[in-house]
Amino acid sequence: MYKDLVKFIRELYNEPEAFIPLHAPVFQGNEKEYLNNCIDSTFVSSVGKYVDKFEEMVAEYTGAKKAIVTVNGTNALHLALLVAGVKPGHEVITQPLTFIATANAIAYTRAKPVFIDVDNDTMGLSPKALKEWLEKNVKLETKNTEQGTQSKSPINQLTNKPVSACIPMHTFGHPCRIDEIVEICNEYNIPIVEDAAESLGSTFKGKHTGTFGKLGILSFNGNKTLTTGGGGMILTNDEELGIHIKHLTTQAKVPHPWEYMHDHVGYNYRMPNINAALGVAQMERIEEIIKNKRQTAQHYKEYLNSIQTFSHSNIQFFTEPGNARSNYWLNAVLLNDKEQRNEFLKYTNEKGIMTRPIWRLMNKLEMFKNAQTGNLDNAEWLEDRVVNLPSSLRIK
Ligand SMILES: *Cc1c(COP(=O)(O)O)cnc(C)c1O
């Protein structure tokens, strides 16, 4: 059975012998031309036309009012949390089933993560589990603000600390139930920072992921759907906030013909023009890229469904959730249990097909082992069973 799947993947990628990676970048557009432009014009660094152009293209494509490029997705998350108001000692809710960057970004702010379960059918934060945890632990308390007014803050009754952000993540490009999550977080005055690092091109009820909350982030790392080498983006519908974020990513330098004047502790988080040049070339082909990825998913789905019917296979394809269009960044399958998962990983990797298990849960890692968690039944169930299959664009 695994042998047939290996054969199928080799045919899918038209690759009879060589190693097949999980997700390799493909450059088939104007990448070389734009990179040459950067070199010829000497604009290779933090100023240049591709930076502005890339931001405009992603803003238009996602429907976000503002899109601000960053050096990578991890520092996009870090800065998004800071502007959302996360401070040392605060708490930030996220899912335990995510890439380490989500939890690390929380740690950079000196806040503490709280891990809440995911849904089995989306692998993203579960609105039901979120609501249960909030109802049990968090109360809105009236506080005096620095401006002398009063506001209602969500305070964790166990720790007496404010819960100052929630980071839902759209796992492997599959949108989570973000509308319900937004509704719940609004009730509790908790700003949302959507980790849409994996979900460029994925929509929920027709709206692009990363644009539902106060802030959202994207990643353009080498293994993501669209790559700029390394890179990230912060999305927001709050125009003023967007302008402020841009300012913070550029060392908070106040424009002046010659003076060095800075009005905040800023960051050198802006993406260089050469990376943005790759981004522009790839955004020109984004529809084609998403179509190609969705077709690959369709092939996997049909094949895996057919072997399920005929040979009672226990490899189940993970399809996009209802109400959602997924970019199928990484195709995923569910195995019966951990033992079978390990067998499958061993077999496929030995055959030169790169497959990978889903991440270890964040609360099981040394750095986050003392974090508060809710009940994590679904995350634990998925942790033992999910495996990613090769998902690069198919060009042959
Ligand atoms: C890739 C990724 C990031 C961070 O992206 P980098 O650009 O690699 O820093 C953050 N969160 C998730 C879920 C990711 O998959």
Side-chain angles (χ1 to χ4, degrees), residues 21-25 54 58 67-82 84 86 92-109 113 115-116 118 122-125 165-176 178 181 192-202 209-210 212-213 215-235 249 267-272 275-276 278-279 282 293 318 326-332 356-363 365 367-368 379 382-383 386 388 391-392:
L22 200 62
H23 205 288
F54 187 38
V58 175
I68 304 101
V69 281
T70 58
V71 182
N72 57 52
T74 309
N75 60 37
L77 264 177
H78 177 214
L79 189 55
L81 288 173
L82 291 177
V86 176
V92 175
I93 295 171
T94 192
Q95 55 203 63
L97 196 70
T98 184
F99 179 56
I100 187 71
T102 320
N104 277 344
I106 297 170
Y108 301 161
T109 67
F115 298 112
I116 301 295
V118 294
T122 68
M123 295 183 277
L125 189 67
C166 172
I167 316 180
M169 200 277 281
H170 304 290
T171 306
F172 305 142
H174 297 315
C176 65
I178 187 68
I181 293 169
I192 288 182
V193 175
E194 254 179 286
D195 186 343
E198 306 180 354
S199 63
L200 179 71
S202 300
T209 50
F212 284 80
L215 296 143
I217 73 101
L218 301 171
S219 164
F220 308 114
N221 189 38
N223 63 350
K224 294 281 167 37
T225 298
L226 183 154
T227 187
T228 57
M233 186 93 74
I234 300 178
L235 306 176
T249 61
Y267 298 85
N268 184 11
Y269 275 5
R270 188 173 171 171
M271 179 190 282
N275 299 90
L278 287 178
Q282 304 233 312
K293 292 192 65 66
F318 205 101
S326 176
N327 66 3
Y328 283 98
W329 170 52
L330 290 185
N331 290 286
R356 287 290 179 268
I358 201 166
W359 314 280
R360 295 291 305 275
L361 300 188
M362 294 300 111
N363 55 299
L365 303 179
M367 311 78 81
F368 303 114
L382 290 163
E383 182 191 30
V386 177
N388 291 125
S391 302
S392 312

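When a ligand or atom number is given, it counts from 1 through the structure's own listing order.
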Determine the minimum heavy-atom distance between S326 and F172, stating which atoms define it.
OG-O, 4.4 Å
Stepwise side chain to side chain donor-acceptor pair (under 3.5 Å) check, H23 with S391
CA-CA 5 Å; H23 205 288; S391 302; over 6 Å; no
Say whether G73, considering both its backbone and side-chain N or O atoms, lies within less than 3.5 Å of an N or O atom on ligand 1.
yes
How close does the nearest protein non-hydrogen atom get to atom 3 (C) of ligand 1, and which residue and atom is it?
A197 CB, 3.6 Å
Can you name the one residue among V193, T122, L125, T209 that meets side chain to side chain contact (heavy atoms under 4.5 Å, CB included) with P168?
L125
Mark the output for G231 as yes if a heavy-atom distance to ligand 1 is under 4.0 Å, and as no if none is.
yes
Closest protein heavy atom to atom 5 (O) of ligand 1, given as residue, atom name and distance to 0.1 Å:
S219 OG, 3.2 Å
For atom 9 (O) of ligand 1, what is the nearest protein heavy atom, given as residue, atom name and distance?
T74 OG1, 2.5 Å
When L200, N223, L226 are each screened for side chain to side chain contact (heavy atoms under 4.5 Å, CB included) with W329, the one that passes is N223
Output the list of atoms in ligand 1 that are nearer than 4.0 Å to some heavy atom of M169, sorted by atom number.
13 (C)
With backbone taken as N, CA, C and O and side chain as the heavy atoms from C-beta onward, which portion of D195 lies under 4.0 Å from ligand 1: side chain, backbone, both, or neither?
side chain
Short side-chain donor-acceptor distance under 3.5 Å, E194 and H170
yes
Test item: T249 side-chain N/O and Y269 main-chain N/O as donor-acceptor pair under 3.5 Å:
no
Hey, which atoms in ligand 1 end up nearer than 4.0 Å to a heavy atom of A101?
3 (C), 4 (C), 10 (C)
Just by modelled atom types, is the L82 backbone N or O under 3.5 Å from a matching donor or acceptor in the T109 side chain?
no
Quick check on contacts: which atoms of ligand 1 are under 4.0 angstrom from a heavy atom of N72?
7 (O), 9 (O)
Which one of E198, M233, Q95 has a non-hydrogen atom at the shortest distance from atom 13 (C) of ligand 1?
E198
Verify, without hydrogens or angle tests, whether S219 (side chain) and G232 (backbone) share a donor-acceptor contact under 3.5 angstrom.
no
Find all atoms of ligand 1 within a distance of less than 4.0 Å from any non-hydrogen atom belonging to F99, and give their numbers and elements.
2 (C), 3 (C), 12 (C), 13 (C), 14 (C), 15 (O)
Atom 1 (C) of ligand 1 - nearest protein heavy atom and its distance:
K224 NZ, 1.5 Å
Can you list the ligand 1 atoms lying under 4.0 Å from a non-hydrogen atom of N221?
7 (O), 8 (O)
Exercise: do Y267 and H78 side chains pair donor with acceptor under 3.5 Å
no
